[in-house]
Amino acid sequence: MAETSSPNSSADDLKNHVMKIFEEATKDCEDEYLERVFGTIGRSYDSLNDFSIKLFNSMADTGIIDRAREMFKPLYDLGILSPVAVFTIVIMTYAGNHKAKSALKVYQQMIATGFNPACYTYVQLICVLATDFSNFKFLRYAKKYFLEMLDKGMKPNPTPFWKIMEAIAYREPVEKAKEFLEQIKAKGFMPPDSGFHYKEAYLAEGMQTLKMYANLVHNDTIDEDVRKCFFVLRACPGFAEKLGSKMYSALVEDGNVDEATEFFNEVEETRIEPMVLIHTAVIEAYLSFGKTKGALEAYLAMLAAGVAPNSYTYTQGTKC
């Protein structure tokens, strides 16, 4: 990492330097809300440091204490925030507000000034790039930085991997998914094989599932309430398993043991949510908002896609 101050610099000089970095990284912000956010965070060095302490504690509470220590490693023995932490805070703020272009610009500024990103910097940047479908180049950047992170020996959590796989499913053919998997495996990263969406023999089916989820969240033609519903669901750990358990239990309770067994066996074999589960969840989402017309249209779309309803789906369909 580039060092722009010596150990003999005074603490005040270092603090001023940190604030100049923050001001430079945020000066091009064009979003009024984020301008106020940055104005509050960067009101003074003390306010920026207070925010950093809260972020460090939050990261520690969520089990990524090593990432927090790496990012917030202070300058020398003076306990001053490092430029890496400052740049990452700005990138994280943009990422949290879905501003991929701005996050990428700050990252490039960080590299241009000679500072190396921490693992958490990469994760924040990759996730916002992979989930912004407004520009096809963002997916290429997300892949590039994920591979770059692996080249540096960093070991990210599965989140950025899944975000990229979902973006590939939405934007590219299955062959691109296979290519990406080969690249990351060659660099020592083994995709998580627990949970849904990953079993190589069923990669095409898994990518189709990811594509449908991405469509539910990012397609502007889908009802806004339903999009928000699936955005929240996708952020909840184990949501797919919970949906599957709900459908399986309902089938058993209604006496449809054969259907329940078939459903269970399909999940166990493929590790992918059956399409009937996702389509039924969409119908239920519309119904939860009292939108029976939308639920009926979702049911008809299910049939048009060649997905056969099960008895649980029909139970929901009677509410339309």
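- Summarising the geometry, atom CD belonging to Gln109 is positioned 11.5 Å from atom CG belonging to Leu104; distances are rounded to the nearest 0.5 Å.
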Would Glu148 and Lys143 count as a salt bridge (Lys or Arg N to Asp or Glu O under 4.0 Å) if you check the C-alpha gap in whole Å, the side-chain angles of each, and the deciding distance to 0.1 Å? CA-CA 9 Å; Glu148 186 177 294; Lys143 291 180 186 178; over 6 Å; no

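- Contact detail for Ala169 and Leu210: the closest heavy-atom pair is CB-CB, 3.8 Å.
- Ring geometry for Phe133 against His218 counts as tilted: the plane angle lies between 30° and 60°, on a 0 to 90° scale.
- For Glu35, the CD atom sits in a packed shell: over 12 heavy atoms of surrounding residues, nucleotides or ligands are nearer than 6.0 Å.
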Run the numbers on Glu30 and Lys101 for salt bridge (Lys or Arg N to Asp or Glu O under 4.0 Å), then give the verdict. CA-CA 12 Å; Glu30 297 178 349; Lys101 183 178 179 180; over 6 Å; no

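- Of all the heavy atoms in Ala281 and Leu243, the pair that sits closest is CB-CD1, 4.2 Å.
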Decide salt bridge (Lys or Arg N to Asp or Glu O under 4.0 Å) for Glu224 and Lys228; before the verdict, give the C-alpha distance in whole Å, the side-chain angles of both, and the deciding distance to 0.1 Å. CA-CA 6 Å; Glu224 185 176 356; Lys228 289 180 180 178; 3.3 Å; yes

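- Glu166 is not listed as a side-chain neighbour of Tyr170, based on a closest heavy-atom distance of 4.5 Å or more.
- Shown here is Lys291, whose NZ atom has more than 12 heavy atoms of other residues, nucleotides or ligands within 6.0 Å.
- Under the side-chain hydrogen bond (donor to acceptor under 3.5 Å, both in side chains) criterion, Thr121 pairs with Thr88, sequence neighbours left out.
- Expressed to the nearest 0.5 Å, how far CE of Met207 lies from CE of Met165 amounts to 4.5 Å.
- Val123 and Pro156 get closest at one heavy-atom pair: CG2-CB, 4.3 Å.
- In this structure, the side chains of Asp13 and Ser10 come closer than 4.5 Å at one or more pairs of heavy atoms.
- Taking each heavy atom of Val226 and Phe289 in turn, the nearest pair found is N-CE1, 4.1 Å.
- Between the side chain of Ser47 and the main chain of Arg43, a donor-acceptor pair closer than 3.5 Å is present.
- Taking the side chain as every heavy atom from C-beta outward, Leu55 and Met92 approach each other to under 4.5 Å.
- In this structure, Tyr120 OH and Arg67 CZ are separated by 11.0 Å, a value rounded to the nearest 0.5 Å.
- Between Arg227 and Ile222, the closest heavy-atom pair is CD-O, 3.3 Å.
- Shown here are the side-chain hydrogen bond (donor to acceptor under 3.5 Å, both in side chains) partners of Lys293, two or more places apart in sequence or in another chain: there are none.
- Taking the six-membered ring wherever Trp is involved, the centroid distance between the rings of Phe146 and Phe189 falls below 6.0 Å.
- The ring of Phe263 has its center no closer than 6.0 angstrom to the ring center of Tyr248.
- The aromatic rings of Tyr122 and Tyr107 lie tilted to each other, with the angle between the two planes from 30° to 60°.
- Note that Arg234 lies in the cation-pi zone of Tyr213, set by a 6.0 Å cut-off to the ring centre and a 45° limit from the axis.
- Linking Ile, Leu, Val, Met, Phe, Trp and Tyr residues whenever their side-chain heavy atoms come within less than 4.5 Å places Tyr314 and Met275 in a single cluster.
- Using a 4.0 Å cut-off between a side-chain N of Lys or Arg and a carboxylate O of Asp or Glu, Lys99 and Asp132 do not qualify as a salt bridge.
- Taking a 6.0 Å sphere around NZ of Lys152, one finds it holds more than 12 heavy atoms contributed by other residues, nucleotides or ligands.
- Put simply, the side chain of Pro117 reaches to within 4.5 Å of the side chain of Met110, judged on heavy atoms.
- Distance check, rounded to the nearest 0.5 Å: CE of Met247 to OG of Ser311 gives 8.5 Å.
- Side-chain atoms of Val282 and Phe230, non-hydrogen and from C-beta on, do get closer than 4.5 Å to each other.
- Atom NZ of residue Lys144 and atom CG of residue Leu139 lie 13.5 Å apart, to the nearest 0.5 angstrom.
- Heavy-atom contacts from other residues, nucleotides or ligands closer than 6.0 Å to CD of Glu175 number more than 12.
- Applying the 6.0 Å contact sphere to OH of Tyr33 captures no more than 12 heavy atoms from other residues, nucleotides or ligands.
- Taking the six-membered ring for Trp and thresholds of 30 and 60 degrees, Phe180 and Phe161 have nearly parallel ring planes, at less than 30 degrees apart.
- Nearest heavy-atom pair across Met154 and Ala118 is CE-C, 4.1 Å.
- When the options Glu273, Glu268, Glu269 are evaluated for a salt bridge (charged side-chain N to carboxylate O under 4.0 Å, His left out) with Arg271, the one that passes is Glu268.
- At a threshold of 4.0 Å, the pair Glu284-Lys246 counts as salt-bridged, since one of the basic side-chain nitrogens sits closer than that to a carboxylate oxygen.
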